[in-house]
Amino acid sequence: MWAVDMAVVVVLGLLAMAQISMQQVLRNPLHGIMERSTNNAEPSLGVIATSNSAEKALNASGEFILSSTNPYIDYAGRRFFIGTIRGATVVYVKSGSLAINVAMTTQLLLDFFISIRGIVHFGSAGTVDDSLPLGNVVVPSSIAYTGVLNWKSFGSVGGELTFGDYNYPEKGQNLLGTIKYESLTLSSADSTQRTLWLEANSRWLSIASQLKDLELQQCVNPLNCLPNTPKVVFGKKASSADTYVNNGAYREFLYKTFNVSIVDTSSAAVAMVSLTHGLPFIVFRGVSNSAGAADSGSTFSSLANSNAVAAAVEFIALVDLPHTASN
Ligand SMILES: *[C@@H]1O[C@H](CO)[C@@H](O)[C@H](O)[C@H]1NC(C)=O
Ligand SMILES: *[C@@H]1O[C@H](CO)[C@@H](O)[C@H](O)[C@H]1NC(C)=O
């Protein structure tokens with residue numbers, strides 16, 4: 001008798017659970033959007049920033065016009081804004097920093113807004129390349145994810161970063177040994193490969209190359225101007241990892257070892273998720289600081305972000321979106 005009662009309780013319990021999870025599905029605020037985008041299939045762009053200062057620059061540009069009927073959706077602590085930039089339908093979201101937040105947010109964006117045909121990512125960056133002045137906007141052609149470290153034992157060889165080489169005042173032995181930078185595994189519908197480098201979409205890069213003469217902001221105010229006229233720069237590479245670089249020796253190491261020009265903490269995550277889904281991505285990074293070179297400590301962060309927004313907006317105005325998802 002007791003066993004039978006127990007079985008009834010268990011079955012009722014399972015039914016109750018099934019009901020709860022169904023309610024949760026229906027309460028998912030993105031559910032309606034997902035269906036609408038399926039039906040309309042209006043091709044759109046995902047736009048991602050990581051920081052408040054980047055978002056402030058987007059707001060200040062006045063270029064992002066929120067939808068009057070459906071301006072945003074909140075999900076998992078993120079606000080997904082829906083609107084247009086220069087006539088193109090856009091879903092914009094701020095991810096917060098660190099690769100894991102950025103990757104998660106990019107994935108949510110692509111999961112729920114299935115009309116997205118590619119990702120535009122903007123923000124600021126540090127320069128590790130002495131030929132690249134503050135205020136310029138870099139559109140990297142490839143991005144190295146320099147966050148997978150194989151920290152080898154003392155006395156090992158074969159790593160790129162040997163600590164003893166940086167002993168001060170003279171090179172020598174160092175118990176921290178050496179670090180080897182490992183590739184990441186990039187899986188998509190077509191292939192699985194191990195790679196350090198994530199490549200931007202060549203078609204989108206060639207569209208963006210029309211921006212090389214774009215006029216950018218040179219002055220924060222009439223008394224505080226950069227010595228050079230900032231430009232949009234192509235053909236450079238970026239290093240991306242959860243490491244804020246403000247160290248002259250590491251700056252030089254990255255430049256010499258990977259031939260990268262800028263460092264940031266989010267673009268590899270955006271790139272990886274986009275490539276996983278076979279979607280194009282492009283990155284616009286305004287150079288705001290020199291990552292630990294002598295003249296670091298810049299006041300050009302807002303200018304760098306504004307310039308990145310200016311370039312991203314012009315790109316959005318130029319890019320054509322296919323009606324079906326493809327590269
Ligand atoms: C940008 O604008 C949106 C929409 O009005 C607002 O919710 C958000 O707080 C603004 N962001 C910043 C950093 O001011
Ligand atoms: C390093 O990158 C620059 C572009 O930033 C490129 O012009 C140059 O050929 C590269 N050098 C090497 C050794 O790969």
Side-chain angles (χ1 to χ4, degrees), residues 29 46-85 89-97 101 105 109 120-134 136-144 146 160 181 195-200 202 205-206 208-209 212 230-240 251-264 266-267 282-288 290-291 293 301-306 308-310 312-313:
V47 176
I48 296 179
T50 51
S51 69
N52 260 335
S53 29
E55 182 171 289
K56 223 186 238 172
L58 176 65
N59 284 4
S61 75
E63 298 276 8
F64 184 29
I65 315 295
L66 288 179
S67 156
S68 53
T69 50
N70 207 357
Y72 62 81
I73 300 282
D74 289 333
Y75 186 78
R78 277 106 179 124
R79 179 158 286 184
F80 296 80
F81 287 99
I82 302 149
T84 58
I85 291 178
T89 305
V90 156
V91 184
Y92 160 77
V93 62
K94 183 181 72 188
S95 62
S97 60
N101 273 321
T105 307
L109 183 64
V120 176
H121 178 44
F122 69 91
S124 60
T127 171
V128 298
D129 176 345
D130 290 332
S131 73
L132 181 68
L134 300 184
N136 280 13
V137 175
V138 175
V139 186
S141 47
S142 35
I143 298 161
T146 51
E160 287 91 4
Y181 287 76
T195 178
L196 180 72
W197 293 99
L198 302 161
E199 306 294 337
S202 54
L205 284 175
S206 106
S209 69
K212 64 183 188 329
K231 289 184 305 204
V232 185
V233 181
F234 297 91
K236 306 249 183 228
K237 293 183 250 177
S239 162
S240 189
R251 172 189 204 265
E252 191 179 328
F253 164 80
L254 286 173
Y255 177 67
K256 288 197 169 146
T257 309
F258 300 108
N259 193 26
V260 293
S261 294
I262 55 166
V263 285
D264 71 51
S266 60
S267 56
I282 195 161
V283 173
F284 297 91
R285 288 278 172 181
V287 178
S288 65
S290 48
S301 162
S302 68
L303 178 144
N305 278 305
S306 306
V309 166
V313 163

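Everything numeric in this text was worked out from a predicted model, so none of it was measured. Atoms within each ligand, like the ligands themselves, are counted from 1 in listed order.
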Q) Side chains of S306 and V309: closer than 4.5 Å at any heavy-atom pair? A) no
Q) What are the atoms of ligand 2, with element, lying closer than 4.0 Å to any heavy atom of G235? A) 4 (C), 5 (O)
Q. Does N259, backbone or side chain, put an N or O under 3.5 Å from an N or O of ligand 2?
A. yes
**Q.** Test item: protein heavy atom less than 4.0 Å from atom 14 (O) of ligand 2
**A.** yes
Q: Please confirm whether Y181 and F253 have ring centers closer than 6.0 angstrom.
A: yes
Q: Scan S240, S261, S266, S124 and name whichever one has a side chain to side chain donor-acceptor pair (under 3.5 Å) with R285.
A: S266
Q.
For atom 7 (O) of ligand 1, what's the nearest protein heavy-atom neighbour? Residue, atom name and distance, please.
A. F81 CZ, 3.6 Å
Q: Kindly assign one of parallel, tilted or perpendicular to the pair F64 and Y92, based on the angle between their ring planes and the thresholds 30° and 60°.
A: perpendicular
Q: Can you spot which of V233, L254, L132 makes a side-chain contact (heavy atoms from CB on, under 4.5 Å) with I262?
A: L132
Q: Taking the side chain as every heavy atom from C-beta outward, state whether L58 and F122 have any atom pair closer than 4.5 Å.
A: yes
Q.
For ligand 1 and N52, I'd like to know whether there is a polar contact (N/O to N/O, distance under 3.5 Å).
A. no
Q.
Could you identify the single nearest non-hydrogen protein atom to atom 9 (O) of ligand 1 and state the distance to 0.1 Å?
A. E55 OE2, 3.9 Å
Q: List the closest protein heavy-atom neighbour of atom 2 (O) of ligand 1: residue, atom name, distance to the nearest 0.1 Å.
A: N59 ND2, 2.4 Å
Q) Can a donor-acceptor pair be found between the side chains of S131 and D129 at a distance below 3.5 Å? A) yes
Q.
Protein non-hydrogen atoms only, distance under 4.0 Å: does atom 5 (O) of ligand 2 have such a neighbour?
A. yes
Q) Quick one: does K56 get an N or O within less than 3.5 Å of an N or O on ligand 1? A) no
